[in-house]
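In this text the structure is predicted, and so the values were computed from the model without any measurement. Just the heavy atoms: all of them, side chains too, but no hydrogens, waters or symmetry mates, feed the values below. Whatever order the structure lists them in is the order used to number ligands and atoms, beginning at 1.
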Amino acid sequence: MSEAAIERAVDVLRSGRLHRYNTIGGEAGEVAELEAEYAAWQNIPYCLATGSGGTAMQIALRALGLKAGDPVLTNAFTLAPVPGAIAAAGGVPIFVETTDQLTVDLEDLSAKFEATGAKIFLASHMRGHLADMEKLTALVERHNARMIEDCAHTMGAAWKGKPSGNFGVAACFSTQTYKHMNSGEGGFLTTADPDVMAKATILSGSYMLYQRHLARPVDEAYMNARLEMPNCSSRMDNLRAALLRAQLPELHTNIERWNARYRAMEDQLNGVNTLATIKRPPEETYVGSSLQFMLQDGGDADMRDFVARCAKRGVELKWFGNGQPVGFTSRYDSWAYAPPQDLPQTKQVLASLMDIRIPLSFSVEDCALVGQIIADEASG
Ligand SMILES: *Cc1c(COP(=O)(O)O)cnc(C)c1O
């Protein structure tokens, strides 16, 4: 955390006004200011700050009119809060297969729209990998459905220069500690749709104070939402907003720092024929805050052994092939509240998938060294 961020947080603490609607005089408050700043950064009209990325997704699903028991399609390769948000909003998570480039399989997505009649696809850009966003949006439209984007790993990413998050009807971001901005917990919902924004704001717990928001539609948009939407209490507070307002101007620089580290690590892996890195398409602007690769030609025992050998040399990898969920890593077959589903292609992809976070506290040289150790162990 930068000194500037800490100072701003201390100012909020000294003021005692931590609740977003606890404002005095003509001030908008840290949260409303942050929403306006993030909307501008994202190049979209409306932004709502929330308690977490997961609750932003729950709110988005409800704002789109999800009813109890409705199927919602989502990536089989994603993080637990994604199917969790679908379940919390009353939906039934239906998982879609994963390509060897770690993106949603468009053929399977089309088949599952047909088979389930689902009207919402919660697209999770897991580990920052974007599908062909033009093909994807066309496919969703063809099925008369709507897309919510989970941009937890794509804050700052783009497809052909258009920001990730501006392709669906709404997008959800996380500002949890392990994402691209850090407020401990927190999230954003962004949209260009006045009705979705009005509903989402009431859902987040705005009481009748929605006029205090800045990145919002005109009053008329709230006329029905204000009485029809339940208050689901997921507001951001001024303390976290102050931390994020100090970080937002640094985001562009941090993206460059992540990418320099990503490339240093990837460079070491590119020549190794016992593993395969993920090719980044030229249309994609990515944020290299983590790196994935497939270790080839091995069984579960080899994968475990490889992870253990890297760990011994101080390199902590996550292996998505583990049958048992560990740490932050669980997968579709451990989300037992969803109907049982068979995803052979995803299972095969995950069986050899290795993942490593790239913290900015590592130098570029550190990342090259980590890459070298991985390359060593993969060849040896
Ligand atoms: C972190 C994360 C979320 C949600 O984040 P929280 O803010 O922790 O609720 C959603 N999707 C993915 C892929 C994530 O990694």
Looking at [X] versus [Y], is the centre-to-centre ring distance below 6.0 Å?
X	Y	answer
Phe95	Trp335	yes
Trp41	His252	yes
Tyr286	Tyr262	yes

Legend entry - Stepwise salt bridge (Lys or Arg N to Asp or Glu O under 4.0 Å) check, Arg309 with Glu377: CA-CA 7 Å; Arg309 279 186 284 119; Glu377 293 300 337; 2.7 Å; yes

Inset, instruction - Compute both the distance and the angle, then confirm whether Lys179 meets the cation-pi test with Phe173: under 6.0 Å from the six-membered ring centre, within 45 degrees of the axis. - result: no

Which of the numbered atoms in ligand 1 are below 4.0 angstrom from a heavy atom of [X]?
X	result
Met57	10 (C)
Leu79	1 (C), 2 (C), 12 (C), 13 (C), 14 (C), 15 (O)
Gly186	7 (O)

Any nitrogen or oxygen of [X] lying under 3.5 Å from a nitrogen or oxygen in ligand 1? Just yes or no.
X	result
Lys179	yes
Ser174	yes
Thr55	no
Thr175	no
Pro81	no
His153	yes

Tell me: protein heavy atom nearest [atom], and distance?
atom	result
atom 8 (O) of ligand 1	Gln176 NE2, 2.9 Å
atom 9 (O) of ligand 1	Gly54 N, 2.7 Å
atom 11 (N) of ligand 1	Asp150 OD2, 2.7 Å

Legend entry - Side chain, backbone, both or neither: Val82 near ligand 1, heavy atoms under 4.0 Å: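 The side chain, only.
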
Legend entry - Salt bridge flag under 4.0 Å for residues Lys160 and Glu134: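 Looking at Lys160 and Glu134, the cut-off is met.
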
Legend entry - Presence of salt bridge, Arg8 and Asp11, under 4.0 angstrom: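 Arg8 and Asp11: not salt-bridged.
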
Inset, instruction - Examine Leu106 and Val96 and state if one hydrophobic cluster contains both, with Ile, Leu, Val, Met, Phe, Trp and Tyr joined whenever side-chain heavy atoms are less than 4.5 Å apart. - result: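 Yes; Val96 is reachable from Leu106 via cluster members.
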
Inset, instruction - May I ask you to decide if the ring planes of Phe113 and Phe121 are parallel, tilted or perpendicular, using 30° and 60° as cut-offs? - result: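 Judged by the thresholds at 30° and 60°, the geometry between Phe113 and Phe121 is perpendicular.
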
